[in-house]
Number of protein chains: 2
Amino acid sequence: MVNHYDANTRQHLRVWLKLLKTSTNIETTLRERLKKECSTTLPRFDVMAALDHHTDGLRMTELSDFLMVSNGNVTGIVSRLAESGLIERTQDTHDRRAQKVCLSPSGQAEFKQLAQRHAQWIDDIMQPLNTEESNTLLTLLERLANHKVDKND
Amino acid sequence: MVNHYDANTRQHLRVWLKLLKTSTNIETTLRERLKKECSTTLPRFDVMAALDHHTDGLRMTELSDFLMVSNGNVTGIVSRLAESGLIERTQDTHDRRAQKVCLSPSGQAEFKQLAQRHAQWIDDIMQPLNTEESNTLLTLLERLANHKVDKND
DNA sequence: GGTATTTACTTTAAGCTTAAAATATTATAC
DNA sequence: GTATAATATTTTAAGCTTAAAGTAAATACC
């Protein structure tokens with residue numbers, strides 16, 4: 001198939017595909033390492049990171065809002081983390097619909113290990129860029145992220 | 001929780017999170033538009049794009065290699081696309097295990113529409129960067145993508 | 001106080017994704 | 001020619017993800 005787009009559009013597509021591929025590659029590396037070296041998954045890590053950040057615990061809805069995923073999604077991940085004994089759920093005494101979720105002591109210890117390895121991996125992956133370059137990258141990405149797209153093109 | 005990482009690591013984490021978020025945001029926008037405006041999904045689009053690119057058709061294994069996903073994954077997506085009449089499977093006459101998959105005429109017409117809208121969306125999303133900036137972004141991303149990580153840290 | 005609405009959360013259905021097991025067929029070794 | 005290995009593909013089990021429907025409890029309204 002002949003590429004019939006103009007030069008500008010081709011460049012845009014090229015950048016988007018590279019952005020997607022780079023991000024996906026790094027994500028895949030993290031997922032593989034979390035699985036092989038730590039027997040866990042990225043979604044579990046993300047939930048644990050959120051709870052580590054919020055020491056007082058979070059409600060289910062607060063958790064899904066913070067992670068920007070659906071509330072039904074969090075239900076499953078939290079259930080499995082609870083089965084593994086890494087998080088604890090406590091019923092809200094004033095609101096019987098709600099519960100507060102937080103890391104268990106073993107969950108805290110576990111996450112401490114995970115976070116350290118995770119940071120090392122990212123350090124390794126980001127190695128090729130010096131401070132100035134990574135600042136440039138950050139700025140350019142922010143420009144893309146902050147550009148609100150009109151949903152009704 | 002106190003952030004106990006050194007400045008360099010913090011910067012690396014910041015850049016990675018921004019890269020992930022930007023990429024995910026764009027991907028989410030594309031998924032939403034494909035669903036709402038075109039009643040399809042990104043995986044379906046990706047398979048159709050691969051077949052549009054390979055006019056002679058592809059075997060299942062070639063398709064999963066090209067898309068860099070598992071072969072079992074492609075089985076499901078191709079089945080659903082075939083149900084929709086957008087692709088056709090033909091048995092290989094010399095190898096009864098194999099089949100060749102290609103876009104049906106309606107699949108070609110459908111993809112032509114999809115590709116055009118997709119290109120417009122990307123054009124819109126990449127708007128905030130001029131040519132020089134998008135070239136810089138491309139270069140920095142390539143540096144990250146080409147950096148092979150030692151799997152046995 | 002009783003009805004209606006909102007809120008917190010779970011369940012369900014459908015699709016995506018993978019690794020691993022299973023099937024069927026072809027190619028190789030002897 | 002038959003046993004073995006390799007190849008092409010599908011199936012299965014498990015988890016992730018969403019939107020939509022369902023459940024239960026709290027709040028608002030009158």
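The sequence lines fix the lettering, A, B, ..., with proteins before strands; numbering per chain opens at 1. Computed from a predicted model, the values in this text were never measured in an experiment.
A:Arg59 has a carboxylate O that lies under 4.0 Å from a charged side-chain N of A:Asp92, or vice versa, which qualifies the two as a salt bridge.
Residues A:Glu88 and A:Ser104 bring no donor and acceptor atom of their side chains to less than 3.5 Å of each other. Remark: the A:Ser84 side chain and the A:Arg44 side chain contain an N/O donor-acceptor pair separated by less than 3.5 Å. B:Asn25 and B:Thr28 share no donor-acceptor pair across their side chains, judged by distance under 3.5 Å alone. Side-chain N/O atoms of B:Arg117 and B:Gln120 include no donor and acceptor closer than 3.5 Å.
Sorted by first and then second residue, the side-chain hydrogen bond (donor to acceptor under 3.5 Å, both in side chains) pairs with a member in residues 68-82 of chain A read A:Ser79-A:Arg89; sequence neighbours excluded.
DNA chain D is contacted by A:His94, A:Asp95, A:Arg96, A:Arg97 of residues 81-97 of chain A, taking any non-hydrogen atom closer than 4.0 Å.
With a 4.5 Å cut-off on side-chain heavy atoms, B:Asp46 and B:Phe66 do not count as touching. Residues A:Leu58 and A:Lys100 fail the side-chain proximity criterion, which asks for heavy atoms closer than 4.5 Å.
Here the P atom of nucleotide D:dT7 and the CD atom of B:Gln99 are 19 Å apart, to the nearest Å.
Looking at heavy-atom distances under 4.0 Å, A:Thr61 makes contact with sugar-phosphate atoms alone, never a base.
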* Structure fact -> Under a 4.0 Å heavy-atom criterion, the protein footprint on nucleotides 13-22 of chain D, written with B, S and -, is --SSSBS---
